[in-house]
Amino acid sequence: MENGNAKKKLSWSWLPDFMPKVAGLIQERRQQDGAEWVAHCWRESVGQGKPGFFWAAEGAVAIGVPVDAQIVVMHHQLAGKAPGTATMDMARKPEGWAA
């Protein structure tokens, strides 16, 4: 069963239903930096639990590992003023990075 859970962690097929604004932000990053970079950040953060690659929140749902607590606090401050706020932080693609 452990292998099945690992595959589920790496899948983001559920995301548009529960975090539609974040899904849109991810799509923008795919267009900007390429799908390979976005998938790499997802695997490192969501799959491996490494901070600083990817973190996102929309409403009460959060995924990934934040680089630090400041972005989490910022998201909750914004969400308190504007419910439905989506926040995403993804590592910048290094110059010359290749999958």
Side-chain angles (χ1 to χ4, degrees):
M1 199 64 172
E2 188 174 312
N3 191 24
N5 287 337
K7 287 181 182 178
K8 286 180 184 178
K9 270 187 175 181
L10 296 178
S11 171
W12 48 38
S13 60
W14 59 271
L15 198 79
D17 290 336
F18 294 94
M19 302 174 87
K21 292 178 183 172
V22 169
L25 294 171
I26 290 172
Q27 184 59 32
E28 288 176 18
R29 283 300 292 268
R30 282 186 185 125
Q31 292 171 352
Q32 178 184 339
D33 292 330
E36 297 84 10
W37 176 251
V38 173
H40 170 75
C41 290
W42 182 277
R43 282 191 306 272
E44 292 295 304
S45 186
V46 178
Q48 300 295 318
K50 296 178 184 176
F53 281 93
F54 176 83
W55 181 83
E58 184 172 339
V61 180
I63 185 95
V65 183
V67 68
D68 59 37
Q70 287 180 324
I71 193 163
V72 178
V73 171
M74 180 194 73
H75 171 74
H76 288 291
Q77 288 173 338
L78 290 171
K81 295 175 185 173
T85 295
T87 306
M88 185 180 81
D89 183 42
M90 186 179 299
R92 293 186 187 270
K93 183 177 174 182
E95 193 72 33
W97 184 87

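In this chain, residues are counted from 1 in sequence order.
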| field | Any residue meeting salt bridge (charged side-chain N to carboxylate O under 4.0 Å, His left out) with D89, in chain and number order, not counting sequence neighbours | value | none
| Approximate separation, where rounding is to 0.5 Å, of M90 CE and L25 CG | 9.0 Å
Tabulate below the donor-acceptor pairs under 3.5 Å that side-chain atoms of residues 50-78 make, not counting sequence neighbours, or state none.
unit_1 : atom_1 : unit_2 : atom_2 : d
K50    : NZ     : E44    : OE1    : 2.7
E58    : OE1    : K21    : N      : 2.9
E58    : OE1    : V22    : N      : 2.9
E58    : OE2    : K21    : N      : 3.3
D68    : OD1    : Q70    : N      : 3.0
H75    : ND1    : T87    : OG1    : 2.7

| note | Here the ring-ring contact (aromatic ring centres under 6.0 Å, His included) pairs for residues 80-99, sequence neighbours left out, are W37-W97, H40-W97
| Pair listing, salt bridge (Lys or Arg N to Asp or Glu O under 4.0 Å) test, anchored in residues 24-34, at least two apart | R29-D33
